Structure formats: structure tokens, C-alpha cells
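Scroll down for the structure; my scribbles are underneath it.
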Amino acid sequence: MPVSKLGDLSRCAVHTQTNKPWTLAECIAGYKSIGVNAISVWRHVFEPMGAQEAGRMLRDAGMNVPALVRGGFFPAKDKLARQAAIDINRVCIDEAREIGAEMAVLVVGAVAGQALEDGRKQVAEGIAEILDHAQAANVKLAIEPLHPMYAADKSCINRMAEARAVCELLPHPMLGIAVDIYHVWWDPDLQAEIAWAGKNGKLFGFHVCDWRADTRHLLTDRGLMGDGCIDLRTIRGWVEDAGFKGYNEVEVFSEQYWAMDQREYLQLIRRAYLEHV
Ligand code: ZN
């Protein structure tokens with residue numbers, strides 16, 4: 001079916017977690033049915049069949065895979081636990097290679113009660129340990145800054161600037177940043193940071209959804225594009241001005257939408273993408 005009839009979905013990717021009730025096979029079939037040929041894959045959806053088989057399914061279906069989601073969670077109070085995290089990240093990189101993902105997204109982690117600054121040092125130490133492995137596997141590593149509401153236990157990197165600091169400390173072509181608008185839309189430095197990332201080859205990923213002004217849950221109430229208050233077109237403009245040529249990845253965690261018939265929901269996703277991204 002010609003893409004023009006469906007509108008321009010040529011740069012649209014969808015995260016499997018957006019359609020959490022679905023299996024990987026259902027996600028692939030569903031996305032293809034609306035003319036989307038790119039999928040970012042969350043690790044748990046290929047647990048039943050393993051990364052190799054998942055990679056075969058994705059290749060057979062002709063799907064492009066911008067990202068495996070997710071590695072990271074480097075900080076821990078003791079050295080053994082930090083080493084265990086590094087080992088898990090090596091496995092993530094291997095899986096990303098097997099499913100044909102361009103990058104592994106890193107949600108970097110945080111330990112409640114530990115200084116964020118110490119957490120960020122541990123993140124840099126952890127990433128430094130896996131860069132060679134990422135290079136050998138030809139899998140990029142994308143640090144995703146998370147909204148400060150997750151600073152206690154999910155991410156000690158909350159703004160683009162902190163992600164940039166790690167990129168500057170560890171200058172490596174395989175290390176960059178995933179910009180998720182849900183997390184960084186409010187940052188007064190966002191435009192400048194996106195421009196820096198583009199100029200320095202660090203703009204790896206772009207995740208879209210929306211921020212509901214009356215948000216009901218900090219994790220599972222993301223809006224579909226157009227549901228909230230993010231000026232998505234302006235931010236996409238900054239990203240494109242910075243030279244980004246990758247996918248606009250639809251990543252929505254929402255109890256409300258997960259409760260819907262997922263085929264009907266896909267039509268809403270398609271419309272929201274065409275109207276607002
Ligand atoms: Zn994201």
C-alpha cells in the first residue's frame with residue numbers, strides 16, 4: 001500500500017510498550033497494518049522466544065528496529081551489584097545486536113539515599129566498561145534523561161545537560177542521547193542542548209507522547225500526542241534543525257489506552273502522529 005495514502009508514517013516507529021497487552025508478533029502485525037515499519041522493542045516481549053528468534057521475526061517482517069529498551073541502572077551501593085549491572089548491560093547489547101536494534105536505550109538508574117552526584121559518577125563508570133562491547137556489537141548506547149520526578153530511584157540524569165556531561169567525559173562515537181519529550185519538554189535549555197547533541201553526533205533517538213496537565217499517575221498516564229501540553233511540532237523542529245534523521249518513536253504508557261481494544265487504539269496513534277508529530 002502506498003505510504004502517501006496513509007500519510008507520512010515513513011519515520012514513525014512505535015514502542016512495543018505502547019501496546020503493552022500485545023505480544024511481539026501482534027505488535028509487528030498491528031504496526032504493519034497501519035503502514036508503520038519500525039518498532040522499538042522492550043526486552044520483556046522477547047523473553048518468551050529469545051532475542052535470536054525475535055530478530056528472525058523482525059527481519060522476516062521487514063521491520064526496522066531503532067531501539068532495544070532498555071539497559072542502564074548502573075548505580076548501586078556496593079561494587080558487586082554495580083558489576084552485576086555491567087554484566088546485564090553486556091547481555092542487553094548482545095540482545096540488541098540479535099534483534100537488529102540500532103541502539104540500546106539506557107535508563108541510567110539511581111539509588112534512593114545516595115547522592116545524585118555519586119550516582120552520576122557510577123553511571124559514567126558503568127558506561128565506560130561497556131563501550132568497547134557496544135562498539136564490537138555495532139550497537140549505539142543512548143542515554144535517556146528522565147523527568148526529575150524519577151530522580152530518587154530511576155534516573156540520576158534528569159536533564160539533557162547531565163547526559164551531555166557523560167558524553168563529554170566519555171567521548172565515543174557509540175555514546176549519545178535519546179530525547180524523550182515526556183521527560184525534557186520543560187527544560188529551558190532544551191533547544192540549545194538538542195542543537196549541541198546534533199552538532200556533535202550525539203542525537204540518537206527521539207521519543208514522542210504528551211504530558212497531560214491533569215496527569216493521574218507518574219508512570220502510566222502518558223498522553224497520546226495532542227492529549228497534553230507539549231509543543232511537539234516546535235520540539236520536532238529543533239530536532240530536525242539539529243540534523244536528526246532517525247525515527248520519531250511513539251512511546252506511550254497509559255492504563256487508559258492499554259484498556260482499549262488495541263486495534264482501535266492503533267488508529268488513534270496513527271491519527272495523533274499524523275496530526276501532531
Ligand atoms: Zn523514552
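Every heavy atom of this structure was used, including side-chain atoms; hydrogens, water molecules and symmetry mates were not. For clarity, every value in this text was computed on a predicted model and none was experimentally measured. For ligands, and for the atoms within them, numbers begin at 1 and follow the listed sequence.
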Step-by-step salt bridge (charged side-chain N to carboxylate O under 4.0 Å, His left out) determination, Asp132 to Arg90: CA-CA 10 Å; Asp132 286 349; Arg90 290 207 175 96; over 6 Å; no
Closest N/O/S atom of [X] to the Zn ion (ligand 1), by atom name?
X	answer
His207	ND1
Glu251	OE1
Asp180	OD2

Verify the distance test for His183 against the Zn ion (ligand 1): any N/O/S atom under 2.8 Å, yes or no. no
Report yes or no: does Glu144 have an N/O/S atom closer than 2.8 Å to the Zn ion (ligand 1)?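 Coordinating: yes.
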Ring centroid separation for His183 and His207, is it under 6.0 angstrom? no
Donor-acceptor pairs are to be reported for all side-chain atoms of residues 109-120 against protein atoms at under 3.5 Å, with residues two or more places apart or in another chain.
unit_1 : atom_1 : unit_2 : atom_2 : d
Gln114 : OE1    : Gln122 : NE2    : 3.3
Gln114 : NE2    : Gln122 : OE1    : 3.1
Arg120 : NH1    : Cys156 : O      : 2.8

Restricting to salt bridge (Lys or Arg N to Asp or Glu O under 4.0 Å), what partner residues turn up for Arg263, sequence neighbours left out? none
Nearest 0.5 Å, what's the NE2-NZ distance between His172 and Lys140?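 The NE2 atom of His172 sits 12.5 Å away from the NZ atom of Lys140.
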